[in-house]
Every structure is written in structure tokens, then in C-alpha cells.
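As the structure lists them, so they are numbered: ligands from 1, and atoms in each ligand from 1. Side chains included, hydrogens not; waters and symmetry mates left out as well; all remaining heavy atoms used.
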Amino acid sequence: MTDPLHLTEELEKIRLENLALREEMDRLREEKKDLESDYLSLFSTLQKYERLVQSTTMLIEMAVDPDQDFNKIIMDTAFELIPEADFGSISIIKDDDWQFVYAVGHNLEALKSIPFKKAYFIDPRNVRSTLFFDSNVFVVQEAGSIQNMPEEIYRRYREAVHPMSESAIVQIDLANNIAGHLSLDIGMQEDKHFSKESLKVMEALGSITSAFFAFQRLSKLQEEFQREIILSIIRIVEIHDTYTKGHSEHVASISLDLAKEMGLSAEVCKQVYWSGLVHDIGKILISQSVLNKPDRLSDSEFEIIKNHPVWGYEVLCHSKELREIAIFVRHHHERYDGKGYPDRLQGENIPMISRILTVADSWDAMIRDRAYRKGLSREVTIDEINRNAGLQFDPVVVEAFKRLCDKGIL
Ligand SMILES: [Fe+2]
């Protein structure tokens with residue numbers, strides 16, 4: 001027979017083992033839960049980083065497409081990835097001013113109308129309630145109550161922003177200087193805080209924004225440099241052809257006004273402007289005796305003059321940057337009715353930009369005083385352009401031209 005004492009001991013041992021096993025099972029179950037939640041949070045982080053990479057790609061594309069609103073994209077991304085945020089804003093420092101350029105929730109129009117100075121700019125590093133997170137992300141309690149501005153300005157500022165309990169602010173840096181802020185805010189009544197993960201995302205968004213600003217500044221500088229070089233060449237053309245002094249810049253600016261009036265995209269408007277600046281560049285190859293001749297040109301001289309769009313086109317085709325607009329220069333003397341030169345293109349076959357240049361070029365040529373004659377009056381010039389709609393000019397461009405005249409822009 002089995003010893004009952006021994007049995008009891010055995011049973012107790014099994015019970016304890018069972019208990020240990022159950023504890024182990026519970027522990028494993030908890031661990032599984034933790035692992036699952038870790039996995040989920042990792043997955044969500046991964047998704048967020050994927051989204052950030054997408055934003056960066058978009059940023060690169062945007063650098064060449066000025067029609068896209070970078071501020072909106074970066075804010076949309078921020079709100080998508082940082083669920084705690086209720087409101088947000090982007091502000092920049094420009095010379096001595098501090099300007100709000102984008103806002104969600106806050107009253108952007110009101111913020112834009114307040115004459116903030118650089119001196120009022122709130123540097124989160126100097127704010128007492130700042131909780132440091134990392135090198136350039138700050139969490140500030142009640143950012144709206146931070147006083148760094150004259151009373152009247154502060155009153156208007158408080159009216160323009162929603163009350164905030166907490167703000168995550170990231171600096172936008174440009175060439176080692178603070179160029180602005182990207183701020184996400186939690187509303188006053190809300191009982192929540194920015195998570196560590198959200199602040200990490202914020203840091204990445206700050207870097208993207210800084211990179212975009214730097215890129216934008218660089219391309220602006222590059223564009224300015226190109227413009228200066230082209231203007232210098234234009235001035236040489238103007239010395240060569242005294243009749244056209246200031247003409248190229250006028251044509252560029254009138255063409256730009258026309259393009260904007262026609263609702264063309266920012267990218268096309270830019271091309272219109274550059275084409276206007278260089279449209280007569282081919283004249284540099286025409287002898288001064290022909291260009292500056294005060295009397296009527298002979299037929300053969302006029303034939304020489306008529307080469308300038310093609311010469312301009314050929315010169316520009318050699319430039320990598322200006323090749324795209326060469327074709328618009330080639331066709332700036334075509335007529336809508338097909339009787340122009342050099343290729344006798346007709347109607348819509350003439351590139352739109354060339355059709356715009358033709359109107360701007362004719363307007364400026366007619367209205368300006370020349371050495372040998374006074375320019376036509378504004379009324380006569382307007383009348384002349386209207387009469388030639390559908391003949392020399394595209395009627396659609398003439399319509400835009402008329403609207404500019406009505407608005408007093410021309
Ligand atoms: Fe011309």
C-alpha cells in the first residue's frame with residue numbers, strides 16, 4: 001500500500017509545481033502581450049517613418065515645383081503623425097520681422113496682420129516652463145502666456161491664438177541661425193501630453209523644414225545670380241541696340257502680369273518671365289548700322305532683322321538652363337493668323353508663352369518713345385491691340401490684356 005504521508009507530499013509537490021507553471025504561464029502571457037504591443041508600436045513607428053520619408057521625397061519634388069505649398073504639406077504630415085496635436089503654426093524670421101506663414105486652428109489672417117518684430121520672437125531656450133527634450137525640440141507649457149512683446153501686440157496675439165496647455169516647438173535653422181518655428185499645440189481643456197515618440201517625429205519634421213528652407217534659399221540665390229548674368233547680357237544687347245533700352249525687362253514684367261492674369265501656374269509664369277527677358281537676345285548678332293538706323297529699313301535689312309528670333313533660339317539652345325525657353329523666343333514674332341516669322345506658325349500651334357510675349361512686346365514697342373518718334377498714347381495702343389485680336393494676337397491673351405488695362409495694371 002502506498003504511504004498516505006508520501007502521497008500527501010507528492011500531491012503538495014504537484015500542486016506547487018502546478019502553481020509555478022501557472023505563474024510561468026501568466027508571465028509568458030504578459031510577455032506575449034508586451035511583445036504584441038511592442039510590435040504594434042514598432043509597426044506604427046515604422047509607418048510614421050515611412051510617412052516621413054515620403055514627405056522628404058515630396059520635398060525634393062517640390063523644390064522644382066513652386067506651385068506646391070510646402071507649409072501645408074509639412075503641417076498635414078505633422079497632424080497625421082502626431083495625434084496629440086490640436087493646433088499648429090509655422091512662423092519665420094525675416095530681417096527684423098517675425099511672421100506667421102501658416103496656421104491650423106489659430107487665426108492666420110489675424111496673426112499675419114500683427115506687426116511682430118524679431119525682438120518679440122519667443123526663443124524656447126529662454127522660457128522658464130520649457131521642458132527640454134532634445135537638441136532642438138522643446139515642450140513649453142502655456143506658450144500663449146509667454147510675454148515678450150508690447151501689451152497691445154500681446155493682446156492681439158492672444159486674440160488670434162487658441163488657448164494652449166502645451167506646445168511642442170521645433171526650431172527651423174538656416175545657416176546656424178534660427179529662421180523660425182514649427183509649433184504644434186494642445187488645447188487648454190485637453191488632458192494630454194506629447195509622447196516621446198511624437199517629439200522624435202517632430203524633430204525629424206524640423207530637420208525636413210530646415211532642409212527645405214536652406215534649399216529654397218540656395219535656389220533663390222542661384223536664380224538671382226542667373227538673373228544678374230542674363231541682365232548683364234541684356235544690357236550689352238541694349239548698348240548694341242539703343243532703341244531697346246529697358247525693353248526686355250518691361251516685356252518680361254508685362255508678360256508675367258499677363259500670364260498671372262490668365263491663371264497660369266507659377267512654373268509657367270517663371271518661364272514667361274525668363275523668356276521675356278531674353279526674347280531679343282538674338283539682336284546681338286545684327287550689325288549696329290541696321291539696328292540703329294534712323295530711316296526706314298530696306299527689304300534686305302528687314303530680312304536680316306527677321307533672323308533675330310532664330311539666332312536667339314540657337315544661342316539659348318546651347319544653354320542647359322535656358323534650353324527650355326528657347327522655343328518661346330523663336331516664335332515671339334509669329335502671328336495668330338499665320339503671317340508672322342520665322343516659321344509662319346498659326347493659332348494654337350504657336351506656343352502659349354510666345355503668344356503672350358507677342359502682346360507684351362507689341363504693347364511696349366508701341367507705347368515707348370523712340371529716338372525718332374514719340375510713343376503712341378495709351379488709348380491708341382489699347383485700341384491697336386484690340387483691333388488685332390485674332391489677326392496678330394491670340395484673342396485669349398488680348399482678353400487678359402484688357403482685364404489688366406481695366407485694373408490699371410497696364
Ligand atoms: Fe523681337
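Ring geometry, His181 versus Trp98: the interplanar angle exceeds 60°, so the pair is classed perpendicular (tilted spans 30 to 60°). Ring pair Phe213/Phe70 is perpendicular by interplanar angle, where above 60° counts as perpendicular and below 30° as parallel.
Take a cut-off of 2.8 Å around the Fe ion (ligand 1): the protein N, O or S atoms inside it are Asp280 OD1, His308 NE2, His332 NE2, His333 NE2.
Qualifying side chain to side chain contact (heavy atoms under 4.5 Å, CB included) partners for Glu23, counting only residues two or more places apart in sequence or in other chains: none.
Among all heavy-atom pairs drawn from Glu334 and Asp343, the shortest one is OE2-N, 2.9 Å.
Asp241 and His247 share no donor-acceptor pair across their side chains, judged by distance under 3.5 Å alone.
Tyr154 and Tyr120 have their aromatic ring centers separated by at least 6.0 angstrom.
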